[in-house]
Amino acid sequence: MKNAQWLSALHEWRVAHVSDKMFLLILAFMVGILAAVAATVLHGLINQIVALLTGKFQADSYNWLYLVYPVIGIYLTSLFVRYVVKDNISHGITRILYAISSNRSRLKAHNTWSSVIASAITIGFGGSVGAEAPIVLTGSAIGSNLGQLFKLDNKTLMTLVGCGAAGAIAGIFKAPIAGLVFTLEVLMIDLTMASLLPILVSCVTATCVTYILRGDAALFTFHLDSGWTVERVPACILLGVTCGLVSLYFIRTMNACEDMFGRFKDKPYVKFIIGGLILSTLIFLFPSLYGEGYNSINLLLNGKTEADWDQLLDGSLFYGHSEYLILYIALVLFTKVFATTATNGGGGCGGTFAPSLFIGCFTGFLFSRLWNINQVGVYVPEKNFALLGMAGVMSGVMHAPLTGIFLIAEITSGYNMFMPLMIVSVASYLTIIIFEPHSIYGMRLARQGKLVTHHTDHAVLTLMSLDSVIDRDYQAVAPDMELGEIVHKISRSRNSVLPVTDAAGKLLGEIDIIKIRHVVFRTELYHHFMAAQLMVQPNATLSDDTPMSEVMKTFERTQADWLPVLDQHYHLKGYISRRRMYDAYRKMVHDLSQD
């Protein structure tokens with residue numbers, strides 16, 4: 001009670017002394033700090049667990065513990081989620097998109113910490129997923145809950161969610177520009193003047209805090225040995241197309257595997273056994289699949305000799321057989337998606353951000369190695385193309401070419417590679433959209449019509465809540481009610497229709513008041529007509545999960561003024577007024593358009 005009073009007093013003081021714009025910038029600054037701290041804590045936990053578990057592994061022989069650690073990690077994570085969190089925390093970025101479109105940008109309080117612990121356990125023990133999506137969810141949850149704490153409106157909450165996501169990306173990779181464009185491309189938050197400055201504040205703050213906490217070393221090290229030349233344009237275009245096709249393989253295979261695990265939704269131990277067996281077996285055969293795989297990426301980006309690149313084979317059955325390096329890389333590239341899906345499907349927690357970087361790096365290296373072996377054209381530097389492949393696959397998987405370009409340029413300081421980065425990213429994006437119109441994060445919501453896009457009309461209809469425009473103040477009548485009683489109902493009704501329902505509340509029909517006006521004033525007929533004789537079937541009915549875009553189309557098609565809304569059991573929930581719906585639509589368009 002005292003906490004509530006204190007918060008109420010603080011809220012009143014803030015309203016009286018601090019403008020809304022200034023307060024939003026203050027919150028964005030706080031979100032940036034907290035997101036960077038969360039990212040640092042998570043990576044610190046992961047590195048400590050990995051060092052503890054694998055620090056004494058021998059490079060010149062296989063390690064049986066690779067068969068054990070991933071299973072333990074998945075099991076511990078599943079126990080933590082089931083008995084401590086008691087909520088679904090998978091698909092972090094998808095959950096943010098869902099919160100924006102369907103939950104008024106409100107994320108649960110536990111999302112500010114639960115994903116950090118769960119993903120640290122999963123990845124530290126070898127789960128072949130990334131820490132980025134959990135941190136993005138954590139940052140967005142921090143922004144959302146701070147906004148809820150100070151009772152901010154939905155539009156401001158959406159901006160704070162974007163601040164948290166942008167700050168998380170900026171903090172993880174020390175890449176403020178990438179954090180900014182990530183919110184634009186992936187979260188679909190429009191960069192109006194009202195949201196641009198807070199997101200920038202969050203990105204810059206998170207980057208600075210990360211430098212303070214972790215030093216100035218980049219996540220990936222890269223030194224450009226051979227500058228880009230125009231003769232490599234064909235190779236860059238072909239690499240981009242290849243990355244687009246690899247992205248398609250990644251997305252389609254992941255969806256198929258997730259559907260397979262989805263069949264055992266009510267059998268968690270079956271999912272655990274299947275996921276654990278697949279993951280541990282793959283990591284035993286290909287140790288590069290252990291964890292995020294950033295060590296393998298750095299090997300490909302910094303190798304100068306065959307001996308350097310042969311380190312990828314350390315700890316595997318391929319050790320000492322450098323002639324199989326290409327085969328090993330191809331197999332790792334092919335199996336990464338299965339390891340990622342098995343991790344999450346078996347009960348682990350992690351994202352697809354790091355796997356897309358991993359697959360992209362391996363794709364670029366493999367492409368350039370095969371190109372040079374077959375002497376297709378001008379020589380292409382393999383480490384450069386490994387870098388370009390990271391941007392290409394990320395652009396394809398996320399449908400975010402700008403994020404791919406700026407992220408790879410910032411995290412590797414490879415600014416001299418901007419031109420080939422743009423060529424590869426755009427080519428990959430143009431390839432993937434032929435087959436998949438939505439990113440791996442948005443496709444699930446797009447199927448449900450709940451994905452917010454930059455198209456204003458579509459975004460407004462997605463953000464509108466059907467439940468918020470339902471009028472539940474209606475006068476229902478029974479089918480055997482006489483006209484005299486119906487007239488009394490009409491006098492108390494605010495609508496132009498009266499629903500006719502049975503005893504269970506199911507809609508049987510409706511009485512259009514205008515159409516019965518010729519008998520309403522004839523008292524001698526009050527005992528001659530009953531509701532069942534006067535009712536007609538509605539022009540259309542709506543279910544309580546109908547997307548607002550379909551509601552709008554139904555009104556346009558039927559030209560009705562009122563339409564009934566039914567639940568899944570056909571019980572009447574209320575009516576939607578055409579006028580009220582358009583008023584709400586116009587208000588939301590106005591709110592979203594304000595700077």
Side-chain angles (χ1 to χ4, degrees), residues 31 34-50 70 73-74 76-82 84-99 107-145 161-173 175 178-179 182-183 186-187 206 210 219 254 258 275 291-294 339-358 394 397-398 407 440-441 444:
V31 168
L34 294 174
V37 171
T40 302
V41 169
L42 176 55
H43 278 287
L45 287 173
I46 292 173
N47 292 336
Q48 289 297 322
I49 296 173
V50 171
I74 291 178
L76 292 177
T77 303
S78 62
L79 291 178
F80 171 75
V81 172
R82 188 178 307 139
V84 178
V85 180
K86 299 179 182 179
D87 190 20
N88 184 4
I89 57 174
S90 62
H91 299 303
I93 295 177
T94 301
R95 302 194 78 77
I96 299 171
L97 292 171
Y98 179 81
L107 289 161
K108 296 180 180 179
H110 73 72
N111 289 132
T112 59
W113 56 269
S114 57
S115 294
V116 172
I117 297 176
S119 58
I121 297 171
T122 299
I123 299 170
F125 277 81
S128 195
V129 288
E132 291 73 23
I135 282 296
V136 170
L137 176 59
T138 299
S140 295
I142 290 171
S144 175
N145 281 273
V161 166
C163 288
I169 294 296
I172 293 169
F173 297 109
F182 176 83
T183 62
V186 178
L187 298 188
T210 303
L219 185 61
M254 177 164 285
E258 286 184 349
E292 295 172 295
Y294 286 167
T340 299
T341 312
T343 302
N344 286 329
C349 177
T352 57
F353 206 110
S356 67
L357 290 175
F358 181 93
M394 172 176 286
V397 170
M398 298 184 184
L407 180 64
I440 194 170
Y441 303 126
R444 302 179 186 93

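When a residue number appears, it is its place in the shown sequence, counting from 1. Quick caveat, the model's predicted, so the values are computed rather than measured.
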Can you give me the closest heavy-atom contact between [X] and [Y], atom names plus distance?
| X | Y | value |
| --- | --- | --- |
| P134 | G351 | CD-N, 4.0 Å |
| A36 | T210 | CB-OG1, 3.6 Å |
| A206 | G167 | CB-O, 3.1 Å |
| L407 | A175 | CD1-CB, 4.0 Å |
| G130 | A354 | CA-CB, 3.5 Å |

Return the set of residues passing ring-ring contact (aromatic ring centres under 6.0 Å, His included) with F358 (not counting sequence neighbours), or none when no residue passes.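 F358: ring-ring contact (aromatic ring centres under 6.0 Å, His included) contacts with F362.
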
Residue pairs, two or more places apart or on separate chains, that pass side chain to side chain donor-acceptor pair (under 3.5 Å) and touch residues 340-356: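 Applying side chain to side chain donor-acceptor pair (under 3.5 Å) to every pair that reaches into residues 340-356, excluding sequence neighbours, yields T352-Y441.
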
Any side chain to side chain donor-acceptor pair (under 3.5 Å) pairs touching residues 111-122, not counting sequence neighbours?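 Checked against side chain to side chain donor-acceptor pair (under 3.5 Å) - neighbours excluded - the pairs reaching residues 111-122 are T77-T122, H110-S114.
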
side-chain hydrogen bond (donor to acceptor under 3.5 Å, both in side chains) against E132, all qualifying residues, sequence neighbours excluded: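 For E132 the side-chain hydrogen bond (donor to acceptor under 3.5 Å, both in side chains) partners, ignoring immediate neighbours, are Y294.
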
Sequence neighbours excluded - salt bridge (charged side-chain N to carboxylate O under 4.0 Å, His left out) pairs with any residue from residues 108-120: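 Pairs touching residues 108-120 that pass the test: D87-K108.
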
Within the 4.5 Å heavy-atom criterion, are L107 and L137 side-chain neighbours or not?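 Result yes, sub-4.5 Å side-chain heavy-atom pair found.
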
Within-4.5 Å side-chain heavy-atom neighbours: H43 and I135: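 No - every pair of side-chain heavy atoms lies 4.5 Å or more apart.
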
I'd like to know if the side chain of S78 reaches the main chain of I74, judged simply by a donor and an acceptor atom lying under 3.5 Å from each other, with no hydrogens or angles considered.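 Yes: the side chain of S78 pairs with the backbone of I74.
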
Which residues satisfy the side chain to side chain contact (heavy atoms under 4.5 Å, CB included) test with A120, sequence neighbours excluded?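 Listed in chain order: L42, L45, I46.
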
Centre-to-centre under 6.0 Å for F353 and F173, is that the case here?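 Yes, close enough.
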
